Number of protein chains: 2
Amino acid sequence: MAATIKDVAKVAGCSIKTVSRVINNEPHVTEEIRLRVQNAIRVVGYSPNLAARRLVLQKAYMICLLMYPGFYQPASALLSRIMDIGYSENYDILIEPYYPTHKTSKDRLANMVTARRFDGFVTTPPCDMDGFVADLLITYKIPVVQINPLDRSKNIPYIAGNDYQDACLLTQHLIGLGHRRISFLNGPRNMRSSLDRLHGYRDTLARHGIPYDPALIGNSEFNFDGGYTAAQILLKSPHPPSAIYAGSDEAAYGVIYAAQEMGVQIPAQLSVCGHDDLIFSKTIWPGLTTIHQPIDEITEQAVLLLIDILKGNPPDPLQIILPSRLIVRGSTAKAA
Amino acid sequence: MAATIKDVAKVAGCSIKTVSRVINNEPHVTEEIRLRVQNAIRVVGYSPNLAARRLVLQKAYMICLLMYPGFYQPASALLSRIMDIGYSENYDILIEPYYPTHKTSKDRLANMVTARRFDGFVTTPPCDMDGFVADLLITYKIPVVQINPLDRSKNIPYIAGNDYQDACLLTQHLIGLGHRRISFLNGPRNMRSSLDRLHGYRDTLARHGIPYDPALIGNSEFNFDGGYTAAQILLKSPHPPSAIYAGSDEAAYGVIYAAQEMGVQIPAQLSVCGHDDLIFSKTIWPGLTTIHQPIDEITEQAVLLLIDILKGNPPDPLQIILPSRLIVRGSTAKAA
DNA sequence: CTGTTAGCGCTTTCAC
DNA sequence: GTGAAAGCGCTAACAG
């Protein structure tokens, strides 16, 4: 049986309340007694019982990171930092998968919410696809911070990247290299980032007086197979593009694979860009030119923001957009 | 304020003990009252308070997955399944990073153990590098299940793959393709899998009467940079290998990168194998021949095993080894 | 500055 | 078959 405050009080020769005061750094304790208690804590090997604290404080001390499996893998380094943040603030952080289209997933979330298992939530897209999560949490008055939310019209705190601007950056890069026939591989239609990236691409073309050609738009679903298939179609077309902006790194991998298979040389005959800067994008051959959205920083900040809100210190801008970086590697070169 | 058993009891017109009986599916309740209580639960929207239950039962209902960041990334699908398993058994599963060489990391673990934050642990290598984790948990009598443990001499439950046999499989594959000068890129010396893979490689060569040549052994640390550097050295040597078994997929990526850069064609001039079957190994060009250790299944089984132990139903073999699969892709071909 | 008391929501004796 | 009462370890309110 683990030691309790009673044991500590007995050893220190004081009441349990005094022990409680010392543990929680409350005032009104003489230095002498404080030291005596701290010593007693060490002697009996005491550490507070979380369940008891949670019960009496009516707080779960738990945060839920609601993630759509397949959308984005939290690298272990990030995970590590997030858990550290939680730990230092006394929160356990749980990563829960969530499929917005599965009824069981929704039911489970509803359970967790009504049971008040978590003090707050952080969500990734497309968990917020249909507004179910947001509505539920708002109804039960449970704080949320969204990562890259699909719908930014609601007044929910979020941390996000700037997909539109990022796409402009990438398109600009290709145009700067002399490319004029630039393909764009679109992603899922219900994803905000797909649309934003497409718009960035279109607007940048327009700004440079390059006409928009629907024949150059492929559909990749932002995954490998989609990129592979779309590239095959585009490269076999009578008037193929000189550059493909794949919309996502995974799709870009598919493009590169298809090109290699067809004997199309990258970047000599075809420039390829991705978008996301997955960890392997620097290790495939040739290195992939892409956009590095600071997703780790975004996630980290989302957790910090949520904790601030939970502590009752909501910072002033509750909605923050972080800038990205263009990463130029070997997969793009001057147009032939 | 959420509803409690008291509220339910009031609505159902019975005592709280009866409500408790219904919640926990205990006998000695007439069907009529049971129904009345179940109805009342729905009416008041009751769900049990976990903290209270934890307090009175003296159980954390928490499992810790101790992971070495960088060793292995739990794919989100796996994560999803693990959380599901935990959820269905009423356990929260927390993923905690652990650096066996960091004092802060050890201190934190010690804290968690003494505070009895978790009912049990699952560890990945090399968390068990120095025996600290195992000793600590054994001292405090907290159940552990190890994944691919480095030291299997202790009597601790584990789920593991068979690195030795896997390496044999891969080496065999290369020899079967007619390769005789086969390089092996070693990993960290303190990792059991490095040694086992090396031994499998050596023994298989021996079985086929191929002499072991230390000049063909490179050091990759099982990562991209290591593989890249080692490949450069090997390929520039006067008598280069016709195949490189990279010891890990990440190292294999480095080998492929280096080869492409030097204009060495894969697989025509050089066959390359990895080991691990990371998710991107099928999407790089050419697809990587490798070993698929069922790491997802291993992890899943480890969690299930731990829960069985926690429930007091330890199954008979507490140490299980799961077989792997050879995955042949485009990166290996007949020797020239 | 310190201690006593009550109670968070639940399960567990032990009567009835 | 059912319920009253005690208590898990802690914090909050209130005396002293």
Side-chain angles (χ1 to χ4, degrees), chain A residues 1-41 44-62 90 92 111 114-119 311-312, chain B residues 1-38 40-41 44-62 90 92 111 114-119 311:
Chain A
M1 200 75 264
T4 74
I5 36 171
K6 274 189 189 166
D7 302 317
V8 177
K10 211 172 289 171
V11 172
C14 66
S15 77
I16 57 166
K17 178 60 210 175
T18 303
V19 176
S20 174
R21 283 201 181 92
V22 173
I23 295 165
N24 297 299
N25 275 316
E26 283 168 35
H28 308 306
V29 184
T30 50
E31 203 50 33
E32 189 214 329
I33 297 197
R34 189 179 295 274
L35 286 170
R36 225 162 63 205
V37 170
Q38 280 164 344
N39 198 48
I41 287 175
V44 302
Y46 167 81
S47 63
N49 180 311
L50 268 175
R53 201 175 255 177
R54 284 171 167 153
L55 175 60
V56 71
L57 256 29
Q58 303 275 42
K59 258 192 87 165
Y61 285 105
M62 290 245 207
N90 264 311
D92 282 332
N111 264 334
T114 52
R116 295 221 156 44
R117 293 247 324 247
F118 298 100
D119 297 324
K311 290 208 282 193
Chain B
M1 201 74 266
T4 74
I5 34 171
K6 274 190 190 169
D7 302 317
V8 177
K10 210 173 289 170
V11 172
C14 65
S15 76
I16 58 168
K17 176 60 209 173
T18 304
V19 177
S20 173
R21 284 200 181 92
V22 174
I23 295 165
N24 298 299
N25 276 315
E26 286 167 33
H28 307 306
V29 183
T30 51
E31 202 51 33
E32 189 213 329
I33 296 198
R34 189 178 293 277
L35 285 171
R36 225 162 62 204
V37 169
Q38 280 164 345
I41 287 174
V44 302
Y46 167 81
S47 62
N49 180 312
L50 269 177
R53 200 174 260 177
R54 284 170 168 154
L55 176 60
V56 71
L57 256 29
Q58 304 274 45
K59 257 194 86 165
Y61 286 106
M62 290 245 205
N90 264 311
D92 281 332
N111 264 335
T114 53
R116 296 224 157 41
R117 292 243 328 243
F118 298 101
D119 297 323
K311 289 206 283 193

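All chains are named by letter (A, B, ...) in the order of the sequence lines, taking the proteins before the strands, and each is independently numbered beginning at 1. Values in this document were obtained by computation on a predicted structure and should not be read as measured data.
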Subject >> Rounded distance (Å) that lies between atom P of dC10(D) and atom CD1 of Ile41(A) >> reply: 10 Å
Subject >> Length of the line joining Asn49(B):CG and dC10(D):C1', which is rounded to integer Å >> reply: 14 Å
Original post:
Is a donor-acceptor contact shorter than 3.5 angstrom present between the side chain of Arg21(A) and the base of dG3(C)?
Top reply: yes
Subject >> Identified side-chain contact (heavy atoms from CB on, under 4.5 Å) counterpart of Val37(B) within the set Val22(B), Ile5(B), Ile23(B), Val11(B) >> reply: Val22(B)
**OP:** Give the rounded distance in Å between these two atoms: CG of Leu50(A) and P of dC8(D).
**Re:** 18 Å
Original post:
Does Met62(A) offer a backbone N or O that forms a donor-acceptor pair with the side chain of Asp92(A) under 3.5 Å?
Top reply: no
Original post:
What distance separates Thr4(A) OG1 from Asn49(A) CG, expressed to the nearest 0.5 Å?
Top reply: 9.0 Å
**OP:** Round to the nearest Å and state the distance from Glu31(B) atom CD to dG1(D) atom P.
**Re:** 11 Å
Original post:
Out of dT2(C), dG9(C), dC10(D), which nucleotide sits closest to the side chain of Val29(A)?
Top reply: dT2(C)
Original post:
Does a side-chain N or O from Ser15(B) land closer than 4.0 Å to OP1 or OP2 of dT2(D), or not?
Top reply: no
Original post:
Are OP1 or OP2 of dT11(D) and a side-chain N or O of Arg53(A) less than 4.0 angstrom apart?
Top reply: yes
**OP:** When you get a sec, tell me which of dT2(D), dT11(D), dG9(C) is the closest nucleotide to the side chain of Ile16(A)?
**Re:** dT11(D)
Subject >> Spacing of Arg54(A) atom CZ relative to dC10(C) atom P, expressed in whole Å >> reply: 16 Å
Original post:
Which of these nucleotides, dT2(D), dT2(C), dG9(D), is closest to any side-chain atom of Ile33(A)?
Top reply: dT2(C)
**OP:** Determine: side-chain N/O of Gln58(A) to OP1/OP2 of dT11(D), distance under 4.0 Å, yes or no.
**Re:** no
Original post:
Nearest nucleotide by nearest heavy atom, which residue falls closer to the 5' end of DNA chain D, Ala51(A) or Glu26(A)?
Top reply: Ala51(A)
**OP:** Look at all strands and tell whether Pro27(A) reaches a base, only sugar-phosphate, or nothing, counting heavy atoms closer than 4.0 Å.
**Re:** nothing
**OP:** Taking only the side-chain nitrogens and oxygens of Tyr46(A), find out if one of them lies under 4.0 Å from OP1 or OP2 of dC10(D).
**Re:** yes
Original post:
When the distance from CG of Leu55(B) to P of dT12(C) is rounded to whole Å, what number comes out?
Top reply: 13 Å
Original post:
Atom CD1 of Ile23(B) to atom P of dT12(C): distance rounded to whole Å?
Top reply: 12 Å
Original post:
Rounded to whole angstrom units, what separation is found between the CZ atom of Arg116(B) and the C1' atom of dC8(D)?
Top reply: 15 Å
**OP:** To the nearest 0.5 Å, tell me how far Arg54(B) CZ sits from Leu50(A) CG.
**Re:** 9.5 Å
Subject >> Per Leu57(A) side chain, nearest of listed nucleotides dC1(C), dA12(D), dT11(C) >> reply: dA12(D)
Subject >> Quiz item: Lys17(B) side-chain donor-acceptor pair to dA4(D) base, under 3.5 Å >> reply: no
Original post:
Between atom CZ of Arg21(B) and atom CZ of Arg34(B), what is the distance when rounded to the nearest 0.5 Å?
Top reply: 10.0 Å
Original post:
If only side-chain N and O atoms of Thr4(A) are considered, is one of them under 4.0 Å from the OP1 or OP2 phosphate oxygen of dC8(D)?
Top reply: no
Original post:
Does Thr18(A) make a side-chain N or O approach to OP1 or OP2 of dG3(C) shorter than 4.0 Å?
Top reply: yes
Subject >> Donor-acceptor pair, side chain of Arg36(B) and main chain of Ala12(B), under 3.5 angstrom >> reply: yes
